[in-house]
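Just so it is clear: chains get the letters A, B, ... in the order the sequence lines come, proteins before strands, and each one is counted from 1. Basis for what follows: all heavy atoms, side chains included, without hydrogens, waters or symmetry-related copies.
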Amino acid sequence: MIAVYDTLTRGKRPLAPADPTLVRIYVCGVTPYAEAHIGHARPAVVWDVVRRHLTRRGYRVVYVQNYTDVDDKLVDRSRVVQCDIGELARQHIADYEREMALLGVEPPDLAPRVTDHLTDIVRFVAGLVERDRAYEADDGVYFEVRRDPQYGQLSGQHLDEMRPGVRVQVADGKRDPADFALWKRAPSDEPGWESPWGRGRPGWHIECSAMSARYLGEAFDLHGGGVDLVFPHHENERAQSRAYFGVEPAAIWMHNGLITQAAVKMSKSLGNGVSLQALLDRAHPMAVRTYLLSVQYRTPLDFSWQGLDDWSRGMERIWRLWEDVRNEPAPSALPHAPQPQWLQSLQAFEENLLAALDDDFNSARALALVFDMVRDARRGEATPYGRAARGLARANLAKADAVLGILPIDDKTAGRPQSDSVLNELVQWRQAARAGRDWELADQIRDLLDRAGYRLEDTPRGANLRPKEKSRRAGQPSPPV
RNA sequence: GGCGACGUAGCCAAGUGGUAAGGCAGGGGUCUGCAAAACCCCUAUGCCCCGGUUCGAAUCCGGGCGUCGCCUCCA
């Protein structure tokens with residue numbers, strides 16, 4: 001049983017998809033008017049884990065995440081940078097998709113764009129007007145909020161208690177301050193499409209109702225987004241969809257917590273955002289990914305560079321084990337009872353991991369189990385059952401990677417990083433020095449390699465050379481080779 | 001003013017009634033030519049404060065204090 005926290009009912013509910021074999025997910029995607037920041041990465045990574053876990057649990061998943069490629073912010077931005085709005089959106093979408101791929105986020109099954117769905121949107125708005133749930137005004141079409149007795153349920157807002165005067169109306173044609181735009185007339189120098197209500201563009205919320213219905217049907221299983229979207233975006237989306245179809249659009253509403261810095265929300269206006277590019281310059285992409293998973297998805301994540309560095313150090317331990325066991329075959333036979341504790345743990349690992357994720361996708365607990373597993377594997381490695389420990393470690397890391405995404409993508413299939421002949425010469429030279437007990441020379445060679453960006457470790461199985469500081473470091477040149 | 005979340009060791013963080021996971025940092029060991037890595041041991045008699053319920057509470061209830069979010073574009 002998979003339990004998921006539902007914003008509407010304020011509690012965990014069992015996931016019970018209408019089609020028991022298929023989970024249909026809609027997540028509000030980005031408005032591609034600026035470079036992606038860490039706040040865009042969190043939901044992407046979180047829902048990537050949701051998909052992976054549901055898939056592991058045997059469901060088929062259809063995951064839809066939209067791009068809002070036309071709205072006021074894009075219009076404004078395109079003016080500032082003197083760039084065609086379509087081109088602007090395409091560039092930012094391309095950057096976003098490239099960065100998400102680095103983070104190991106699998107692309108959505110469908111990534112619909114607003115500009116490709118004007119027909120659906122116009123039909124949706126027309127339907128709401130026909131049903132007398134929306135009205136045409138001088139400057140567009142508005143949804144009539146007061147006609148929905150359930151309005152405010154999702155966000156816990158009460159229409160009469162919302163701060164008066166905050167929703168500024170600037171001489172528009174709303175009948176009620178809480179009404180929101182379904183269609184906004186646009187001047188001829190701005191992007192627009194013809195409609196029964198004149199040339200204009202969609203309001204902010206209608207796109208998601210139209211596109212989710214188009215691809216997932218009028219009712220689907222999970223709807224996601226950041227908590228800052230609960231009101232007004234999702235409240236309005238829910239109201240529209242219910243008004244149009246007469247049914248609840250999403251069985252469960254999931255919302256990820258926001259990312260803060262020094263406990264304050266990152267936002268454009270405060271200028272305290274951290275771009276994804278800056279993160280990737282500093283840390284290994286998979287360290288960034290798992291850092292975002294180190295906290296349960298609903299909990300606010302207070303970002304700090306120190307925190308990211310600390311986390312990266314922990315991940316290195318996992319990756320080191322992977323490097324050591326990646327080519328290990330599965331154990332052919334396990335020792336018989338009585339089995340030591342570590343061996344039992346290694347065998348129960350995946351079961352425990354999946355159980356942690358069954359509980360509202362608790363990736364923090366899941367990652368703690370991975371660290372436990374690493375320790376158990378190392379412990380077992382030093383026993384007569386070392387081969388079994390290593391084989392189980394390899395299998396377990398692969399299983400954890402399948403649902404969480406924890407291993408460096410480049411390393412997964414490629415062999416060990418091939419060192420060039422010069423490096424090999426140095427290592428062998430040093431081995432000779434050590435054999436001759438010339439410790440001073442041996443240490444000098446090790447220092448030399450260190451300065452070149454490699455760490456040399458003497459292990460029971462021989463010298464091990466690997467690029468150091470794999471997970472982090474801004475400003476350091478890439479190792480030569 | 002309304003709605004909501006959070007407050008667990010130096011830092012991050014899991015834990016919704018049964019006697020404090022995990023990571024980083026720190027201390028001490030084992031191993032090593034020395035390191036590194038790895039492993040072992042130690043580091044919260046206590047979970048913001050005060051009451052209450054209970055055999056038993058970080059976990060439930062009441063009251064405080066503090067921080068943050070939403071109510072306006074925002075993942």
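Checking G1(B) for Watson-Crick or G-U wobble geometry (two distances, each under 3.5 Å) identifies C71(B) as its partner. Nucleotide C6(B) is matched to G66(B) when pairs are restricted to Watson-Crick or G-U wobble geometry with both distances under 3.5 angstrom. Using N1 to N3 plus N6-O4 or O6-N4 for Watson-Crick, or N1-O2 and O6-N3 for G-U wobble, each under 3.5 Å, A58(B) pairs with nothing. Under the Watson-Crick and G-U wobble criteria, each requiring two contacts below 3.5 Å, nucleotide A20(B) is left unpaired. Pair assignment for G46(B) gives none, since no Watson-Crick or G-U wobble pairing has each distance under 3.5 Å. Checking G33(B) for Watson-Crick or G-U wobble geometry (two distances, each under 3.5 Å) identifies no partner in any strand.
Across all non-hydrogen atoms, the minimal contact from R282(A) to W305(A) is NH2-CB, 3.4 Å. Shortest non-hydrogen contact noted between G257(A) and R42(A) is O-NH2, 3.0 Å. When all heavy atoms are compared, the tightest approach of H234(A) to L154(A) is CB-CD2, 3.6 Å. Across all their heavy atoms, F361(A) and Q296(A) have their closest contact at O-NE2, 4.4 Å.
Look at the P atom in both G15(B) and C55(B): the space between them is 28 Å, to the nearest Å. Taking atom C1' in both C73(B) and U59(B), one finds a spacing of 39 Å when rounded to whole Å. Taking atom C1' in both A9(B) and A20(B), the straight-line distance is 11 Å, to the nearest Å. The gap from the P atom of C39(B) to that of A25(B) amounts to 13 Å, rounded to the nearest Å. With C1' as the reference atom, A57(B) and G18(B) are 9 Å apart, rounded to whole Å. The gap from the C1' atom of U53(B) to that of C12(B) amounts to 34 Å, rounded to the nearest Å.
In this structure, T299(A) reaches the A14(B) phosphate: one of its side-chain N or O atoms is under 4.0 Å from OP1 or OP2. Distances shown here put every side-chain N or O of R446(A) at or beyond 4.0 Å from the OP1 or OP2 atom of A35(B). Look at N352(A) and you won't find any side-chain N or O under 4.0 angstrom from OP1 or OP2 of A21(B). Remark: R317(A) is in phosphate contact with G23(B), judged by side-chain N or O atoms under 4.0 Å from OP1 or OP2. Side-chain nitrogen and oxygen atoms of R313(A) include at least one within less than 4.0 Å of the OP1 or OP2 phosphate oxygen of A25(B).
The aromatic ring of F371(A) does not sit over the base of G22(B); the criterion of centres under 5.5 Å apart with planes under 30° is not met.
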Practice task
Check the pair R430(A) / R446(A) against side-chain contact (heavy atoms from CB on, under 4.5 Å), numbers first and verdict last.
Solution key: CA-CA 8 Å; R430(A) 176 168 173 279; R446(A) 189 166 63 195; 3.4 Å; yes

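In this structure, D310(A) and R10(A) both approach RNA chain B, and ranking their closest nucleotides by distance from the 5' end singles out R10(A). When each of R378(A) and T260(A) is assigned the nucleotide of RNA chain B bearing its nearest heavy atom, the one mapping closer to the 5' terminus is R378(A).
Relative to the side chain of W311(A), the nucleotides G23(B), G33(B), C24(B) differ in distance, and G23(B) lies closest. Ranking C3(B), C40(B), A75(B) by closeness to the P43(A) side chain, first place goes to A75(B). With G69(B), A21(B), C71(B) as the candidates, the nucleotide lying closest to the side chain of P232(A) is C71(B). Proximity note for Q157(A) (side chain, C-beta onward) versus C70(B), A13(B), A38(B): the nearest is C70(B). Among the nucleotides A13(B), G69(B), G22(B), the one closest to any side-chain atom of A368(A) is G22(B). The H158(A) side chain lies nearest to C3(B) when the options are C3(B), A36(B), C39(B).
At a threshold of 4.0 angstrom between heavy atoms, the contacts of V230(A) with the nucleic acid are absent. Residue E381(A) is classed as having no contact, given no heavy-atom separation below 4.0 Å to the nucleic acid. Residue-level contact check: G226(A) touches the backbone only, with heavy atoms under 4.0 Å from sugar-phosphate atoms and none from bases. Within 4.0 Å of D458(A), counting heavy atoms only, lies at least one base atom of the nucleic acid. In this structure, L367(A) reaches neither bases nor backbone, as no heavy-atom distance under 4.0 Å exists between it and the strands shown. Contact annotation for D71(A): no contact, since no heavy-atom pair falls under 4.0 Å across all strands. Contacts of R430(A) with the nucleic acid, taken as non-hydrogen atoms under 4.0 Å apart, include base atoms. Among the protein residues, I259(A) comes within range of the nucleic acid bases, having at least one heavy atom under 4.0 Å from a base atom.
Note: H117(A) and Y215(A) meet the aromatic proximity criterion, with ring centroids under 6.0 Å apart.
Applying the 3.5 Å distance criterion, the base of G23(B) shares no donor-acceptor pair with the side chain of R365(A).
Side-chain contact, D360(A) with Y297(A): a donor N or O sits under 3.5 Å from an acceptor N or O.
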